[in-house]
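Working notes, beginning with the structure itself.
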There are 2 protein chains.
Amino acid sequence: MEKFVYDFEEGNRGLKDLLGGKGANLAEMTNLGLPVPPGFTITTDACREYLRTGEVSARDEIEQHLATLEGKMGRKLGNPSDPLLVSVRSGAKFSMPGMMETVLNVGLTDESVAGLAAQAGGDERFAWDSYRRLIQMFGKTVCGVPGEEFDHALDDAKHARGTRDDVGLDADALKGLVGTYKEIFRRHTGRAFPQDPREQLDLAIGAVFGSWNAERAVLYRRQERIPADLGTAVNVVAMVFGNLGSDSGTGVAFTRDPATGEKGVYGDYLPNAQGEDVVAGIRNTMPLQELEQLDKRSYDELMAIMAKLEEHYLDLCDIEFTIERGKLWMLQTRVGKRTAAAAFVIATHLVDEGVIDLDEATKRVNGNQLAQLMFPTFDLSEEPEQLTRGVGASPGAASGKAVFDAQHAVAMAKEGEQVILVRRETNPDDLPGMIAAQGILTSRGGKTSHAAVVARGMGKTCVCGADELEVNVHKGQFTVNGHVVSEGDVISIDGTTGRVYLGEVSVQPSPVVQYFEGTLDPQADPLVSAVHRILAHADERRRLRVRTNADTGEDAARARRFGAQGIGLCRTEHMFLGERRALVERLILARTAVERDAALDELLPLQRSDFIELFRAMAGLPVTVRLIDPPLHEFLPPLEDLAVKVAVAEERGQDPGHDKDLLDAVRRMHEENPMLGLRGVRLGLVIPGLFAMQVRAIVEAAAQVPDARPEIMVPLVGAVQELETIRAEAEKIIHEFDVEVKIGTMIEVPRAALTAGDIAQAADFFSFGTNDLTQMGWGFSRDDVEGAFFWRYLELGIFGVSPFESIDRDGVGRLVRIAVEEGRAARPDLHFGVCGEHGGDPDSVHFFDEVGLDYVSCSPFRVPVARLEAGRAAIESTGSDSR
Amino acid sequence: MEKFVYDFEEGNRGLKDLLGGKGANLAEMTNLGLPVPPGFTITTDACREYLRTGEVSARDEIEQHLATLEGKMGRKLGNPSDPLLVSVRSGAKFSMPGMMETVLNVGLTDESVAGLAAQAGGDERFAWDSYRRLIQMFGKTVCGVPGEEFDHALDDAKHARGTRDDVGLDADALKGLVGTYKEIFRRHTGRAFPQDPREQLDLAIGAVFGSWNAERAVLYRRQERIPADLGTAVNVVAMVFGNLGSDSGTGVAFTRDPATGEKGVYGDYLPNAQGEDVVAGIRNTMPLQELEQLDKRSYDELMAIMAKLEEHYLDLCDIEFTIERGKLWMLQTRVGKRTAAAAFVIATHLVDEGVIDLDEATKRVNGNQLAQLMFPTFDLSEEPEQLTRGVGASPGAASGKAVFDAQHAVAMAKEGEQVILVRRETNPDDLPGMIAAQGILTSRGGKTSHAAVVARGMGKTCVCGADELEVNVHKGQFTVNGHVVSEGDVISIDGTTGRVYLGEVSVQPSPVVQYFEGTLDPQADPLVSAVHRILAHADERRRLRVRTNADTGEDAARARRFGAQGIGLCRTEHMFLGERRALVERLILARTAVERDAALDELLPLQRSDFIELFRAMAGLPVTVRLIDPPLHEFLPPLEDLAVKVAVAEERGQDPGHDKDLLDAVRRMHEENPMLGLRGVRLGLVIPGLFAMQVRAIVEAAAQVPDARPEIMVPLVGAVQELETIRAEAEKIIHEFDVEVKIGTMIEVPRAALTAGDIAQAADFFSFGTNDLTQMGWGFSRDDVEGAFFWRYLELGIFGVSPFESIDRDGVGRLVRIAVEEGRAARPDLHFGVCGEHGGDPDSVHFFDEVGLDYVSCSPFRVPVARLEAGRAAIESTGSDSR
């Protein structure tokens, strides 16, 4: 028969699937001999069974384990004179803070409340307060009684006693309140508050199981991509009380500083209190160090336990504990959350302490953390005034005038003002304002809200869900913690920490970037030293090479300093902008081959000098140049503007002149869906001489630069015949020179992936253009959909993260797999890379390592991120584990 | 050792891969005991070897077979007194008419010319004419001498003799011409015309092999999708002469009428002539019947041979023959080409004659032929004047005023004129004119030219490559065979036959369509009777069901008469047009939920009545309704127009009023790539109530119509979660009624195919939207690319046929396969259909049968085509063969 219930002695931290995170760690601590209140865990299997059948099975098992618990405690559930009380706590595999239910003080009844008072040395007030808390929590959680009814009754009682504080209610008052609570309970449930402690327990267990499918939990899981069928475990734990007097108390502790990673004692303690009081913030906590004065024995014991936990978990742990009349109880531990900087510092400290090796240290940090460390930050030494804190939704540090309306934002930005757009929440109509602003601040919504998704897509700083803000769009102001901020007042937002400051705050460069740029010695700063060591190790371990996407010598040089091993994507169309636009215009308007060739002839030396610059910056390393990709009409003014200009001129009786020719050309070349139109290789096949000019510029440049390693990449190929035709044309030119040039293709059209075996016959390399592959694989264009409906898709859990941020493994990723497998089978020496933005995304880098690409290419600032993640991927795939 | 040469006695018609079509059939006739001039075939293997090495291998084998040939003929190659002459003819597996080379009279030299004259009873003129023909053909074909040099010399000789005709040149004149030709040969090749007959033969064989890779042949193969590596065989055949006097002659014959399919003697005969004279059209041929008077013995023999060939080939054969001094020789036969009507009539006649069964008859016709028979045709009983004939590139019959310029075409069409756009060739700038015209006529280019491709895409009548036309755009006229047609003159073009007529010709409806419509009895017409019988058989044999794409009751009723077994695609957006546009506008401009719901409430009864009509027309059969697919802004005016309207109004100081609101909305909703934007299921997820309104209208309509079988189809799904969400919403509404409704999805986004196993979990059926799947799979939108570059792609052979016409099996087809396999594995009862335009394309229907779909759905007029092809596919896959 399946086992549904585990005493803490029976579990261990490896059983998180079965016992949930909390239960597994309580078991681990129990078996380490740490003072954990006795208890047992009902498994996630039982939860799944409950969700299927609506019944808590394993009632016999629970009975047995309860008996064991009663034996350990020497108290019985429901014993009127000396009752055992238990807490019933949820605990899923993955932390879902605040999403599921907990019921405390289970076991209290009209009878046993007196017994509890006796246990507490005759503290009647404590006993009745515990009882009213049980009725309140049980009524709300288990029976769905509206919580505000209890809140109102409590407020009334306080009002009657003339007190604003719970503590102002004495035992009699609480006794009366229990009566009121029980009537509320009866009115809403049609029955009396259950006086059978075993029934209380069973109902509480069912309620916790059921809370797995509460709406907010479902939503949270969708957003966090936690599978819906895991279920939660339930922990039934003997109650201990931190609120039994000054020799009692409760606290949280970290084994190292979770902010900086430094060693030392970090934590807070609150005497004569329960955990929920800390959360409610009724009194101020004291630094954990002060506990040494209050209760040296408990303090020393706690320090010893913390050392033991670190030694055991080999990492920073965070801890919840309670002291009941001088006796220390451990209520929870886990490997603790930490800042990005602390993650690097702790990892290298642990290496120095001999606790873990560098492989493990590298696994303990990640690219998102490294990316955070590369943003400039506010100079907090100026002690700016913090207004509030929200969710850091898109990193960066931005200051500007608060503005509450997208149109105002656009208007002010046009006048050169820096603005921060402040909204309750954003919607697609706010897009122009978001584009115009330095940053976005909202009072509602989390990391997957419209504002957050769009801001990340734009790389714009964003703080979301700052719920203390009261935004009044009509008045053009927001209020927060007593401050009123009006339109035009300057605020500053930190998209990493979520903090919001009043006034402008100076921005300081990232020391990590200074180190990459070579202007800061790695030994000068513990964080930079940690980054340096871990990246060096990642470089040693990784199989994937890391190139960069760069179109200028400057970008290329920076990327090389950041560790790039070549250019994976140079977009030549960026060389068609600025003053050269006029030449492109001539090319487009050419009515004869002679005119067209003349325009191309003028472009040739310009392109050649661009390439010379690039090849010099990357001498000795490969430089992949993509032939022109976007439709040529993108270089002309928008149809709407031209049409209006010409119509207005004609209306005024003026001659629209050149604009009329341009308008005709734009109309002729207009495409309903330019993304799916005449672009990429199609341009090369349809416009004589265009690709030839580019190829010649590349080859002539390469012939002039020692150690140039050019590679030519043909975009948007869907059929091998396209590539063959261009290849034949290019090879004729290449053979005029003594230069070796590889010719390959983007794989960015689904058909290219599906016929990769054929296309490989004409390619020296494949480079996955995962942006286009995502657009065409899903059938949506990034520009059109991210602002229009991605927020809704994230809300509905259709995806957990935008497929433009992180590669969609099942769909788009499958195309990549097919192309790698079939391309390599057809041509074993084929090289594979990726040059879409996914090349710098941590999760995607792991995927690309897994499918066997040779390199990833990303923007210069993402190069270190990719190096780190490529190293981590290699370590994970070789299964190294120092523990 | 590999055998490279086959005597005709050694081959048979099954060896087409090796011997080519001509060689295999000559062997077949030889072995049937028919009078074929002796000869042998050098294989395609030898050709491939030649193309690899540049050498004709197997010289010894050729030597041996030549000796055998000499033995049979009792003459030796190069014997001065009684020479053997041979023809050296190409012959590939697939007919490539006029693409490769032939050399006649090989073996003639300065010496043997006299022997030939002796053989011809002292006919010196004949001998010297044969010699000059050899030098001309050999010089041009084998040695690359420019043909016009010989032509000029011939013209000069005729001029000198004061004759316009070859026949006007006597033996002396021809002797002189041979001298001139030999000098031309020496000047261009640097050597004398070879006097070694064996060398002549070897060089001719090499030249024919080499002609496989001539540019025009390469281009032809690309366009016809003939593999490049097949090679051609070479046939070396003893020469026979039809030009040795009145007891000689040459002709072609068909065993049945290739135009109507009726039995009887059909053919042409030209006394005292060679085959090339027939082609040159120097004299008029006589009907074959008249040969009976001229040479009854040969005529009777020919009739007997024709009967024997039909009995042997079980089909219409066409024949080339020569009579040399009363002796009949068979030069070629093959299963003959025929018109669409003849194909049906012959197939059923052969069934009635007991020659083949109905399975075989069904295989002998195809959907393209049936489709041709469904177009209206010109009434030729009016005996219109035929101007010329080109390539029938897009079927139909169109009359209108000739116009030579796209802009004129647009202007005249605006004034209500019907026009035919006449151009040398078209290019993308002509698109507006092509849209405005009734039909398109060009003097250059074939079935894959820009004009042809675009016209077929538009379903517009087109005749291409009418190369007798001399189009003068500047004068606004064309001349042809002495006629001058100026802009504004009416012409008529038949896109099926390629014929061009002067003046307007009446159009008569297709009898086949009249039969489908029920207005013509199938027994009334032999063609209709044949179509009726074969379609009935196809219906009996096919596994695929055939549905139709229809949005109105009228279309649905017609399709049902045409044999549709339900509706596979009803596009609900078509119900949002016309007067209802105003409601959609209100829906879009709604600023509150109340306004939006009000607009939806008004749309509901309108949609409901549409569905009632459809369900009635298809009572008892399934009706698949697709929820709205296109972006809503498509229902608003174009951005450019609105912007100009508002700008001009403002310029005039007028209030643009409602237009301004519309412009704001259009700007807000503008998408760069609407195909990849907020459409399909995304609309349903983002706009509350929209899909619910449609579902309610469907269900309410179904509740009112007995035997309604509605199916709801969700468009553009890429992830199962999308479908799950819509399904849940729809089921709530469906459950309010006592109606059974299947819910399925389009598979039209590549990701849907790639994750079909997941999507199947929430779908009752998949319907492949192969239009979108093609657009996204290749990354091009049909509207933008067909006119812009498909002509170039077809020219380059990147594809042989537009992937929008016929499904791309390797790329898009692979997605279909994946989705069928994985969808069915996940859910064995899943139903599969296709509703893209490929559902009515013959080749695609075979593919859909092969991958195991349950039905295809196509436009009403394509339903009979799909029925026929589905039957043919079933017959082919079960391997039935009556022969």
Side-chain angles (χ1 to χ4, degrees), chain A residues 222 428-429 639-641 643-648 650-652 667-678 680 682 685-686 716 718-719 721-722 725 748-752 754-755 758 772 775-781 783-785 788-789 792-793 796-799 808 810-812 814-815, chain B residues 222 428-429 431 639-641 643-648 650-652 667-669 671-678 680 682 685-686 716 718-719 721-722 725 748-752 754-755 758 772 775-781 783-785 788-789 792-793 796-799 808 810-812 814-815:
Chain A
R222 272 194 197 152
D429 293 344
L639 177 58
E640 182 195 351
D641 294 357
V644 167
K645 218 164 152 190
V646 169
V648 168
E650 284 172 348
E651 179 67 24
R652 288 178 184 162
R667 275 214 186 106
R668 197 171 61 234
M669 302 181 73
H670 179 71
E671 294 181 318
E672 285 304 315
N673 295 277
M675 182 94 66
L676 304 176
L678 181 56
R682 302 160 193 169
L685 292 169
V686 169
L716 218 73
Q721 295 91 336
E722 295 172 312
T725 309
E748 55 185 339
V749 168
R751 192 180 190 275
L754 293 162
T755 61
D758 295 334
D772 262 308
Q775 298 196 116
M776 293 172 189
W778 280 89
F780 44 49
S781 99
D783 291 341
D784 292 318
V785 300
F789 65 81
R792 181 81 179 125
Y793 268 45
L796 288 168
I798 290 170
F799 27 71
D808 152 39
D810 295 340
V812 178
R814 184 171 179 187
L815 289 173
Chain B
R222 271 196 199 150
D429 292 345
L431 270 179
L639 176 58
E640 182 195 351
D641 295 356
V644 167
K645 217 164 153 191
V646 168
V648 168
E650 283 172 349
E651 179 66 26
R652 289 177 185 165
R667 277 213 185 107
R668 197 170 60 234
M669 301 181 73
E671 295 182 317
E672 285 303 316
N673 295 278
M675 182 94 66
L676 304 176
L678 182 56
R682 302 161 193 169
L685 293 169
V686 169
L716 217 72
Q721 295 91 334
E722 294 172 314
T725 308
E748 54 185 337
V749 168
R751 191 181 192 275
L754 294 163
T755 62
D758 295 334
D772 261 309
Q775 299 196 112
M776 292 172 190
W778 280 90
F780 43 49
S781 99
D783 292 340
D784 292 317
V785 299
F789 65 81
R792 180 82 179 125
Y793 269 45
L796 289 169
I798 290 170
F799 27 70
D808 152 39
D810 295 339
V812 178
R814 183 170 181 189
L815 289 173

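A note on names: the letters A, B, ... follow the listed sequences, proteins ahead of strands, and every chain is numbered from 1. Note that these values count all heavy atoms, side chains included, but never hydrogens, waters or copies made by symmetry. All of these numbers come straight from a predicted model, not from anything done at the bench.
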Rounded to the nearest 0.5 Å, what separates atom [atom1] in [X] from atom [atom2] in [Y]?
{"X": "B/Leu815", "Y": "A/Leu815", "atom1": "CG", "atom2": "CG", "value": "7.5 Å"}
{"X": "B/Leu685", "Y": "A/Arg792", "atom1": "CG", "atom2": "CZ", "value": "6.5 Å"}
{"X": "A/Asp810", "Y": "B/Asp758", "atom1": "CG", "atom2": "CG", "value": "6.5 Å"}

So which atom in B/Ile798 and which in A/Ala719 form the shortest heavy-atom distance, rounded to 0.1 Å?
CG2-CB, 4.1 Å
Flag the one option from B/Gln721, B/Met776, B/Arg682 with the top tally of heavy-atom pairs under 4.5 Å to chain A.
B/Arg682
When B/Lys645, B/Arg668, B/Glu672 are compared by non-hydrogen pairs under 4.5 Å with chain A, the top option:
B/Glu672
Can you list the residues that meet the ring pair (Phe, Tyr, Trp, His ring centres under 6.0 Å) rule with B/Phe789, with sequence neighbours excluded?
B/Tyr793
Check whether any side-chain N or O of A/Asn673 sits under 3.5 Å from a backbone N or O of B/Ser781 as a donor-acceptor pair, and report yes or no.
no
Given 3.5 Å as the limit, does a donor-acceptor pair link the side chain of A/Asp784 with the main chain of B/Glu671, or not?
no
Check each atom of [X] against the heavy atoms of chain A and say whether the ones under 4.5 Å are side chain, backbone, both or neither.
{"X": "B/Glu722", "value": "both"}
{"X": "B/Arg814", "value": "side chain"}
{"X": "B/Asp808", "value": "side chain"}
{"X": "B/Val785", "value": "side chain"}

Partner chain B: residue of [options] with the largest heavy-atom pair count (under 4.5 Å):
{"options": "A/Ala647, A/Gly779, A/Gly718", "value": "A/Gly779"}
{"options": "A/Glu748, A/Gln775, A/His670, A/Arg652", "value": "A/Arg652"}
{"options": "A/Val749, A/Val812, A/Thr725", "value": "A/Val749"}

Where do B/Glu640 and A/Arg667 land on the side chain to side chain contact (heavy atoms under 4.5 Å, CB included) test, with the steps shown first?
CA-CA 10 Å; B/Glu640 182 195 351; A/Arg667 275 214 186 106; 2.7 Å; yes
